[in-house]
Protein chains: 4
Amino acid sequence: MGRTRDEEAKARILDASLEVLEELGYPGVTTEAIAERASASKATIYRWWPNKEAVMLEALREAVAQELPFPDTGTLKDDIRIQVHNFVKLLNSTRGRAFKGIIAAAQSDSTVAEAFLSIWVLPRRASARRGIERYKKELRPGVDLEVLLDALYAPLYYRLLIGHQPLTIEFADQMMELLWKGLHAPSPTDQPR
Amino acid sequence: MGRTRDEEAKARILDASLEVLEELGYPGVTTEAIAERASASKATIYRWWPNKEAVMLEALREAVAQELPFPDTGTLKDDIRIQVHNFVKLLNSTRGRAFKGIIAAAQSDSTVAEAFLSIWVLPRRASARRGIERYKKELRPGVDLEVLLDALYAPLYYRLLIGHQPLTIEFADQMMELLWKGLHAPSPTDQPR
Amino acid sequence: MGRTRDEEAKARILDASLEVLEELGYPGVTTEAIAERASASKATIYRWWPNKEAVMLEALREAVAQELPFPDTGTLKDDIRIQVHNFVKLLNSTRGRAFKGIIAAAQSDSTVAEAFLSIWVLPRRASARRGIERYKKELRPGVDLEVLLDALYAPLYYRLLIGHQPLTIEFADQMMELLWKGLHAPSPTDQPR
Amino acid sequence: MGRTRDEEAKARILDASLEVLEELGYPGVTTEAIAERASASKATIYRWWPNKEAVMLEALREAVAQELPFPDTGTLKDDIRIQVHNFVKLLNSTRGRAFKGIIAAAQSDSTVAEAFLSIWVLPRRASARRGIERYKKELRPGVDLEVLLDALYAPLYYRLLIGHQPLTIEFADQMMELLWKGLHAPSPTDQPR
DNA sequence: ATCTAATCGAGACGGTACGTCGAGTCTTCCC
DNA sequence: GGGAAGACTCGACGTACCGTCTCGATTAGAT
């Protein structure tokens, strides 16, 4: 019983957490800053989330919930390319900063790590796996789908997190081309017949 | 003239920072914890490093400085495999926790990010690039070396940081096989001649 | 119109406030603790009282309403002694803690101070004044009744609040004896004739 | 070893606590308010005092440390009168508010109670006892000094804390007169001879 | 026999202050 | 002049109560 949860306050808090993150960067995300911007009290935040990382995670999930459905063009290469392009654009938007922050938090907080996995990573991988499995016979036999998913997504996260080179569409295209054809120049003798 | 830097204290501080990191995890790494374990004072730490991330970074660099020279077996595939296997082992050791912590810190602290790049990432990539370039003619034309390096290393960092699947030697082998041959099963018509 | 006040809830709240006060001491008296113990809601408390001090005050008044009528033995000294003895016993009971709490609250909350005066202090003084005035001719001329009342009651509150010595019947008797006869040993020359 | 306590900061904190108390009243005395006004940090306050009451108590003690030495005019009645007058003036000054606050705090915090006793009450009583004992032969035999001290000081605290009547010099004089001579009009038969 | 409005328990809300912790700086004394 | 010890300011943490509010469920007196 009792008063029901104030959905408006919840929305204000989630919005505020992303705003603060994108304006001040991850170290600027404090519960007090979120509370002030959301015109909410810290107690309300802590009533519903265990820590600020959980707030940001939920905010991020809501913000990107409907984004990035795996496409269905009828062509494997196109499906993958569209998906990867969209993800590159997402990571290059202001959301990218949020991803960096949450992945950083996950390194030392296993609850964040688990939440990030179950809320974001695993659903996206499952969706992509289903999308790719439709073209299973086009894949070289022996290609493990989990490995393939890692090969597709890892370089994007890698450039986001390490920042040694920019995360561009061109890079993504080159990476996909490399994956598609392999790095090795087949010698005449080991070509399939 | 004045006393010179106490090298012994420096060593104690660097050792202590890795010990604390590996025992307590990243959030347990406080300057006070390092100082106490090293029997040093916080002032000494701040005199020689700008912040605790710099301490950890230097400690990490010293610890792994001589590790992982790019091998030279005479065979590209073997060189890469040996290098990747060694890196997998390193990330799975207690050092892996240090890498997670520093990469996390780099997400919100650009000085850490730059230091991590210049001290660890770029030198290792340069070494690997030189090692691979020796076999340039074995590579499929058009393969960009930067992209190839990303394709090799990114999946290892990815599994370290995201943790959706374990970072095993078998995984690394499957990933290299995928990269070597490509994901696509070439149809008879688009085979090279 | 509308539903009438729930007298049972009122009683539960008043009872609970004294229970909490006597069990947990004054800092344990929170509106939430009262509400929980009374199975009432905080809103109900605030609908009928301005703050928790008012609740405690009303509870205290109800609890001691009929206590301590000024006696009428026909002898001034006996009347006073009985009254003081009863008051000492009251302050040494669990009620004493309630008095301490309310007097403490009154120091920073003038509404509590005024309520405590009008509900407890002034009525009791008026009653005592009437009781003593019956024996006016036994009093030394020039004795102001207000001053006398202070001299009688102040030491009891003083020991209750300061706690430098226990508040015992013996102490009260010594105090009354001192007041009765005065502290000064009259020299032969200044004796009345 | 290490840096020594900053005596200036200590003084700023003690001063600030009294200032806040006298300007805002007891409920306005928060550690944060003291810290801000003293340009100190809350951590410094909590390093040296267990709570704000302890701060105020020490501040009060320092403020009144040298005040109120028991006088020595050679006449008991004069010594007492001077002492009581001075105490009345102290309680009626802005310090009175501090006394009210600390006595209130002592009702629910035994450490405050003990500190108030040992720092203020007991030393003052000891001093007064020594002062009065010099005139022991002037006192009526059987007068207990502890009881007499209570009779002298209790009415002052009582009017301060209860506030049913103002705490004036006139009141104090009447009280002392009452105590000196006793309340009872001796009948001819029970006069000393 | 309904309506209707005030009351109730429950508990979420915006606030304020708490007492703690760590960062990075500064001070004192020792070597 | 470097170093250990440790006090300092600052800012954020997560908690506890305050007094207000909104629910849905009673419970009268008025219709």
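Sequence lines set the chain letters: A, B, ... in the order given, protein chains first and strands last, and positions in each chain run from 1.
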According to a strict under-4.0 Å criterion, is A:R12 in side-chain N/O contact with OP1 or OP2 of E:dG14? yes
Nucleotide F:dC17, atom C1' - distance to CG of C:L24 in whole Å: 15 Å
Can you sort out which residues in residues 46-56 of chain A have a heavy atom within less than 4.0 Å of DNA chain E? Ascending by number, please. A:R47, A:W48
Contacts of C:L117 that satisfy side-chain contact (heavy atoms from CB on, under 4.5 Å) - sequence neighbours left out: C:V121, C:L122, D:I162, D:H164
Between the protein and nucleotides 27-31 of chain E, which nitrogen or oxygen pairs come in under 3.5 angstrom?
| unit_1 | atom_1 | unit_2 | atom_2 | d |
| --- | --- | --- | --- | --- |
| E:dT27 | O4' | D:R3 | NE | 3.3 |

Taking only side-chain N and O atoms of A:T31, does any of them lie within less than 4.0 angstrom of OP1 or OP2 on F:dC13? yes
For D:S41, all residues meeting side-chain hydrogen bond (donor to acceptor under 3.5 Å, both in side chains), sequence neighbours excluded: D:T44
Test salt bridge (charged side-chain N to carboxylate O under 4.0 Å, His left out) applied to B:R47 - qualifying residues, sequence neighbours left out: none
Which pairs pass salt bridge (Lys or Arg N to Asp or Glu O under 4.0 Å) with one or both residues in residues 109-119 of chain B, sequence neighbours excluded? none
Which residues pass the side-chain contact (heavy atoms from CB on, under 4.5 Å) test with A:T94, sequence neighbours left out? A:E22
Please state whether the base of F:dG19 and the side chain of C:K42 form at least one donor-acceptor pair under 3.5 Å? yes
Figure out the CG/P separation between A:D6 and E:dG14, and round it to whole Å. 6 Å
Spacing of C:E7 atom CD relative to E:dT7 atom C1', expressed in whole Å: 12 Å
For C:E36, all residues meeting side-chain contact (heavy atoms from CB on, under 4.5 Å), sequence neighbours excluded: none
Less than 4.5 Å apart, side chain to side chain, heavy atoms only: is that true for D:I119 and D:L60? no
Short side-chain to backbone donor-acceptor contact, D:S110 and D:A113, under 3.5 Å: no
Could you state the atom-to-atom distance from CD1 of B:I13 to C1' of F:dA4 in whole Å? 11 Å
Grab the CZ-P distance between C:R5 and F:dG29 for me, whole Å please. 17 Å
Distance, rounded to the nearest Å, where D:I45 contributes CD1 and F:dG11 contributes P: 15 Å
To the nearest Å, how far apart are D:Y26 OH and E:dA17 P? 14 Å
Just by distance, do the side chain of B:K52 and the backbone of B:V29 share a donor-acceptor pair under 3.5 Å? yes
N or O in side chain of D:S41 less than 4.0 angstrom from F:dT9 OP1/OP2: yes
C:Y26: partners by side-chain hydrogen bond (donor to acceptor under 3.5 Å, both in side chains), with sequence neighbours left out: C:E53
Hey, which sits more toward the 5' end of DNA chain E by its nearest nucleotide, B:E32 or A:A9? A:A9
Which part of the nucleic acid, if any, lies within reach of B:T44 when heavy atoms closer than 4.0 Å are counted: base, sugar-phosphate only, or nothing? sugar-phosphate
Which residues satisfy the side-chain contact (heavy atoms from CB on, under 4.5 Å) test with B:R5, sequence neighbours excluded? B:E7, B:K10, B:W48, B:W49
Test of understanding: with salt bridge (charged side-chain N to carboxylate O under 4.0 Å, His left out), list the residues that count as partners of C:R37, not counting sequence neighbours. C:E19, C:E23
Near DNA chain F, which residues from residues 33-40 of chain B have a heavy atom under 4.0 Å away? B:S39, B:A40
Heavy-atom nearest nucleotide on DNA chain F taken for D:K10 and for C:P27; more 5' hit belongs to D:K10
